[in-house]
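Report on one structure; see the data block that follows.
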Amino acid sequence: MCGIVGYVGRSEAGPILLDGLRRLEYRGYDSAGVAIMDGDRVETRKCAGRIAELGKLMTEKPPVGTYGISHTRWATHGKPTDQNAHPHFDGSGKLALVHNGVIENYQALKEDLLREGEHIFASETDTEVLAHLIGSLYDASAPANGYVPPQNEKSRLVAAVRAALQQVIGTYGIALVHRDIPDFIVGARRGSPLVLGVGKEENFLASDVSAIVAYTRDAVYLNDFDVVAVERDKFEISSVAGEGGNYEVSKVEFTDEDIKKGDYPHYMLKEIFEQAGSVRDAMRGRLSTDECTAKLGGLDMTAAQLRDVGRIVLTGCGTALHAAMIGEYILEQLAGIPTEVEFASEFRHRNTPMTRDTLVFAISQSGETADTLGALRESRRKGYRTLGICNNVASTIARESDGGVYMHAGPEIGVAATKSFTSQVTILLLIGLLLGRMRHLSTSEGSHIIGALEALPDQIEQTLKLSDEIRGIARKYAASPGMLFFGRQFNFPIGLEAALKVKEITYLFSEGHPSAELKHGIIALVRPELPSVFITPDDAVFSKNLNNMEQVKARKGPIIAVTSGACGDRLRGIANDVITIPSAPAFVTPILSVIPLQLLAYHLAVELGRDVDKPRNLAKSVTVE
Ligand code: M6R
């Protein structure tokens with residue numbers, strides 16, 4: 001949801017900013033721009049379209065200078081045009097600003113500025129209003145005449161930023177430069193991530209460390225309401241209210257190599273193929289074969305507290321919500337704890353009746369999703385213990401929750417979530433095992449679950465070998481108008497997840513449903529051109545699924561079945577295409593059954609010539625409501 005990169009140092013800023021933007025392109029790709037300072041000139045290049053377009057502009061006319069700011073946009077206010085592309089300038093044309101987030105009261109602020117009479121706005125964005133506001137506060141604080149030492153100008157600019165942000169309602173991650181103050185960048189955040197990269201005689205600002213990890217692995221993850229003044233060889237963190245800020249310099253846990261695509265044509269395919277390793281990493285050091293349970297120290301709860309949990313709420317958005325839906329089946333089956341799944345966006349705004357013994361889990365790959373963060377804050381505000389299941393270790397959700405479990409899946413760059421999903425389900429299985437073993441699960445049941453978990457990485461490897469076969473199926477159905485997905489129990493949410501993957505990256509209509517809902521209305525859609533995909537492994541509801549498939553077949557609807565074990569034979573003659581995954585207990589099967597469907601969506605998208613890693617209208621991390 002927009003990406004920001006800032007640089008101040010001794011190298012040319014242009015290539016560093018452009019490289020950073022390329023790495024942040026997953027956050028938004030409607031338009032992009034840079035402002036680089038060269039002596040008393042501000043060099044701006046910006047345009048609608050991808051970073052590649054900006055790259056062309058910067059090659060034609062390279063901006064010169066050793067400090068600057070840059071931005072890749074996911075449009076909120078105003079269309080993705082050249083005018084609306086960031087950076088935006090204040091009234092004097094000297095202050096350039098990039099922004100990630102939404103200034104909710106920008107209309108009111110704009111009207112106030114217009115009443116002052118000297119402001120002309122060139123764009124439709126909320127960001128430009130903020131630039132004008134900061135600029136006018138800065139200009140108003142200038143002494144009537146006389147020399148102003150540079151140090152005072154820096155303090156005045158920081159003070160203007162603080163004063164402006166005190167008037168802002170909404171979210172922001174910002175970076176700004178001023179033509180009159182060389183080698184100086186100011187950043188601030190509230191609700192949108194911003195990290196300071198600490199280098200040697202150079203410092204960086206970025207929405208995500210992946211933009212700067214090639215230059216430094218020392219990072220300060222800024223907190224909400226932090227304002228940072230960055231120079232080549234120092235930085236100072238304070239708060240919007242003007243107090244001194246607390247910070248710690250951390251080591252980024254991955255390297256530049258980890259975020260390269262390698263030989264894969266797309267990040268999504270790379271990440272699908274990483275799942276044996278990422279699931280293994282989610283379990284690493286967390287299984288106790290002696291006690292037949294899981295060890296999750298990050299939950300930060302005593303055994304007594306864990307035993308007292310009477311109800312669980314799982315919340316998240318998109319793919320994370322689908323993982324939560326599988327979590328509901330897992331936690332109720334393994335631990336016998338009543339569990340509910342809440343859309344984070346709904347949960348945060350409604351008054352869900354909760355009991356005091358309720359434990360809330362906020363599930364989020366990025367740990368920055370605005371709705372999930374809102375749900376977390378709301379549930380903490382009401383006094384419930386709230387834990388995070390996150391991939392991004394330094395994320396806001398990870399930092400603001402009472403404890404949690406990290407996924408350790410490594411960076412996920414493809415906009416379509418894949419490996420984070422299987423890691424989330426793996427962690428929910430670990431939580432189910434832990435809570436179950438504190439209740440009714442016997443040692444032999446615990447040991448059976450551990451055995452099933454330990455077998456998973458090899459079974460994932462086997463499942464990935466189906467990729468070529470699935471590519472053939474994708475080719476066969478690429479001209480279809482869409483796809484329906486059906487599953488039951490643990491595999492019902494897999495139908496939802498598969499449908500989300502297909503719609504996100506192929507733009508084909510697709511829906512997921514519990515198989516039995518077919519006859520309650522969806523069957524009206526069934527026709528020869530529209531394939532139905534049944535996720536029907538060898539489990540207790542296989543024969544029920546079989547009945548539903550017969551209903552589709554009777555209406556000449558083509559059927560693709562994802563099944564396991566010997567069930568494949570029973571499907572010949574009913575399903576047009578059968579994909580067979582390894583047999584596994586029902587509670588771990590979703591980790592395997594989702595993989596052929598991730599591959600199906602991927603191969604369909606490639607077949608249709610879609611931009612797999614950067615599908616239209618989407619961004620990886622949704623930091624606005
Ligand atoms: O970072 P999060 O897990 O909180 O993201 C939640 C959703 O925005 C995300 O899963 C989205 O639905 C994906 N693009 C799905 O592939």
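Whatever order the structure lists ligands and atoms in, that order sets their numbers, starting from 1. Basis for what follows: all heavy atoms, side chains included, without hydrogens, waters or symmetry-related copies. Predicted, not measured: the structure shown is a model, and the values here were computed from it.
- Near S366, meaning under 4.0 Å from one of its heavy atoms, ligand 1 places the atoms 1 (O), 2 (P), 4 (O).
- Within the 4.0 Å heavy-atom criterion, neither part of E368 lies near ligand 1.
- Between H322 and F421, the ring centre distance reaches or exceeds 6.0 Å.
- Salt bridge annotation for E378-R348: absent, with no cationic side-chain nitrogen under 4.0 angstrom from a carboxylate oxygen.
- No donor-acceptor pair closer than 3.5 Å links the side chain of S480 to the backbone N or O of G482.
- Judged by distance alone, with hydrogens and angles left aside, the side-chain atoms of R217 form no donor-acceptor pair with the main-chain N or O of T255 at under 3.5 Å.
- Atom 3 (O) of ligand 1 has as its closest protein heavy atom Q365 N, 2.7 Å.
- Among protein heavy atoms, the minimum distance from atom 5 (O) of ligand 1 is reached at T369 OG1, 3.5 Å.
- Protein heavy atom closest to atom 10 (O) of ligand 1, with residue, atom name and distance, is T319 N, 3.1 Å.
- The heavy-atom pair separating F343 from T315 by the smallest distance is C-OG1, 3.8 Å.
- Looking only at distances, a side-chain donor or acceptor of R286 sits under 3.5 Å from a matching main-chain atom of A282.
- Of the protein's heavy atoms, E504 OE2, 2.5 Å lies nearest to atom 14 (N) of ligand 1.
- The shortest contact between atom 6 (C) of ligand 1 and any protein heavy atom is with C317 O, 3.3 Å.
- Remark: side-chain polar atoms of S510 are paired, donor with acceptor, to backbone N or O of A499 under 3.5 angstrom.
- Nearest non-hydrogen protein atom to atom 12 (O) of ligand 1 is G318 CA, 3.3 Å.
- Shown in contact with A416 at under 4.0 Å from a heavy atom are these atoms of ligand 1, numbered in order with element: 16 (O).
- Residue A417 approaches ligand 1 through these ligand atoms, each under 4.0 Å from one of its heavy atoms: 15 (C), 16 (O).
- Atom 8 (O) of ligand 1 has as its closest protein heavy atom V622 CG2, 4.0 Å.
- When each atom of ligand 1 is checked for a heavy atom of K501 under 4.0 Å away, the hits are 15 (C), 16 (O).
- Polar contact check, Q424 against ligand 1: no nitrogen or oxygen pair lies under 3.5 Å apart.
- Ring centroids of F587 and F490 are separated by 6.0 Å or more, keeping the two rings apart.
- Each of the following atoms of ligand 1 lies closer than 4.0 Å to a heavy atom of V415: 13 (C), 14 (N), 16 (O).
- D613 contributes a side-chain N or O that, together with a main-chain N or O of Y267, makes up a donor-acceptor pair within less than 3.5 Å.
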